[in-house]
Amino acid sequence: MTAKIDPKRYLEYGGVAPARSLDGAGTLAYLQAKGFGQNNLEHSRLALERRAGEEFVFDPVTLNYCDFCAKPLMGGEFDRLQDGRERCITCSRTAVTTHEGFLSLYQEVRRNLEIMFEIQFNVGITVRMDNAKTIARLTRERFEPTPGFDARVLGFASENAGGYDLRIENGSPKLPSIQTMAHELTHIWQYRNWDRQQIQAKYGAGTHFFVYEGMASWVMVQYLYCTNEGDFAAREAALTRARTDEYGVGFRLFEERYPLRIAGKELRDTPFKRAFPL
Ligand SMILES: [Zn+2]
Ligand SMILES: [Zn+2]
């Protein structure tokens, strides 16, 4: 036979009478005075919850933005690069400059993508750093530094004899490098797993670019959320959403079909799991 015990009286060891030597209220007050319930983890958890519904508002006209992370630039607190781009202090500090650093970052992104989306690349990929102008020449985007944010692709993936070449702009800070790697690796996955003719037949020639770019843009934003880079992810999502080309339109289609998981939720349905993602 078990007696019912009032959970509030668990300190009474058998429920006979409150133990006089134990001061429950005093202990709680003492712990609270020492910071109980106020630790960093709790604060960041609360901040994540608060931020979940917030929208990043991008104002391309009145402010100057860092060309790498799109944060507004304050006063003189930024570097102007030789090619005209402006880079905030944080981005300057995290710029990936060595080949080793670049390579280990790439391996991390590739591994994370495989785990997050349950995919395998199974192909030789040669990665290299290149300058912005070379990459701009290889992509269809023009590169012209402006006072605002230069929303543009900083990487390029192409087929070589035995696999793929992946070029990423040199001097890029860590987060934009990660983002571009995730975007370009998604293209490599698409080239390996999709039949281009089938995709064109399904979505229409020309329109299929929206599917390729929309998915790659969705993946780079979701990747950032999954790795707890929520601020940067929200900014990237807002910038991409604002575009009227295949990146922006495609991203909005994917976002509608696969709502972004903002914090701590596992990914179930992803575009990687379907023959036709939209
Ligand atoms: Zn920046
Ligand atoms: Zn792309």
Side-chain angles (χ1 to χ4, degrees), residues 56 58 63-81 83-97 109 113 125 132 135-143 145-159 164-169 171-194 196 199 206-224 229 231-240 243 245-254 271-272 277:
F56 167 77
F58 181 63
L63 282 169
N64 268 18
Y65 291 88
C66 169
D67 282 321
F68 296 93
C69 73
K71 267 194 190 128
L73 296 170
M74 304 298 178
E77 297 268 287
F78 60 87
D79 295 328
R80 198 184 302 275
L81 306 190
D83 56 17
R85 284 172 298 164
E86 288 155 348
R87 191 168 69 183
C88 78
I89 303 280
T90 312
C91 284
S92 288
R93 221 176 27 226
T94 66
V96 183
T97 50
V109 174
L113 281 172
I125 300 170
I135 294 172
R137 193 159 41 78
L138 292 167
T139 63
R140 286 172 300 142
E141 296 211 11
R142 272 191 307 160
F143 167 57
T146 56
F149 177 67
D150 287 318
R152 70 187 193 286
V153 179
L154 309 167
F156 185 69
S158 59
E159 208 164 351
Y164 293 88
D165 282 325
L166 176 57
R167 297 156 187 268
I168 309 281
E169 184 180 349
S172 302
K174 195 173 166 206
L175 287 179
S177 299
I178 289 175
Q179 166 200 356
T180 303
M181 287 171 183
H183 182 107
E184 297 305 323
L185 279 168
T186 304
H187 284 325
I188 291 177
W189 183 89
Q190 292 167 336
Y191 301 153
R192 299 273 296 166
N193 290 275
W194 286 355
R196 197 176 187 96
I199 295 281
T207 313
H208 71 284
F209 287 122
F210 292 81
V211 183
Y212 281 86
E213 295 304 344
M215 175 171 166
S217 303
W218 179 90
V219 169
M220 76 189 190
V221 171
Q222 184 60 72
Y223 181 98
L224 292 164
E229 298 294 349
D231 285 352
F232 189 68
R235 227 170 269 132
E236 265 324 295
L239 286 164
T240 310
R243 296 175 68 149
D245 53 12
E246 56 264 41
Y247 297 86
V249 176
F251 176 74
R252 292 197 296 274
L253 288 171
F254 275 88
F272 291 100

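Numbering of ligands and ligand atoms starts at 1, following listing order. Below, all heavy atoms of this structure are taken into account, side chains as well, without hydrogens, waters or symmetry copies. All figures in this text were calculated on a predicted structure; none of them were measured in a lab.
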Checklist entry - Where do Val211 and Phe254 land on the side-chain contact (heavy atoms from CB on, under 4.5 Å) test, with the steps shown first? => result CA-CA 8 Å; Val211 183; Phe254 275 88; 4.1 Å; yes

Item to check | Any donor-acceptor N/O pair, Asp245 side chain to Gly248 backbone, under 3.5 Å | outcome: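 Pair found, side chain donor or acceptor close to backbone of Gly248.
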
Next on the checklist: Between Glu213 and the Zn ion (ligand 2), is there a contact where an N/O/S atom of the residue lies under 2.8 Å from the metal?
Outcome noted: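 Checking the Zn ion (ligand 2) against Glu213, an N, O or S atom does fall under 2.8 Å.
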
Checklist entry - the Zn ion (ligand 2) as vertex, arms to NE2 of His183 and NE2 of His187: angle to 10°? => result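 My answer is 100°, to the nearest 10°.
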
Checklist entry - Are His187 and Gln190 close enough, and set up right, to give a side chain to side chain donor-acceptor pair (under 3.5 Å), and what steps lead you there? => result CA-CA 5 Å; His187 284 325; Gln190 292 167 336; 2.9 Å; yes

Checklist entry - Parallel, tilted or perpendicular: which describes the rings of Trp194 and Trp189, with under 30° parallel and over 60° perpendicular? => result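 Trp194 and Trp189: perpendicular rings.
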
Next on the checklist: Before moving on, can you tell me the angle at the Zn ion (ligand 1) between the SG atom of Cys88 and the SG atom of Cys91, to the nearest 10 degrees?
Outcome noted: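 About 110° at the Zn ion (ligand 1).
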
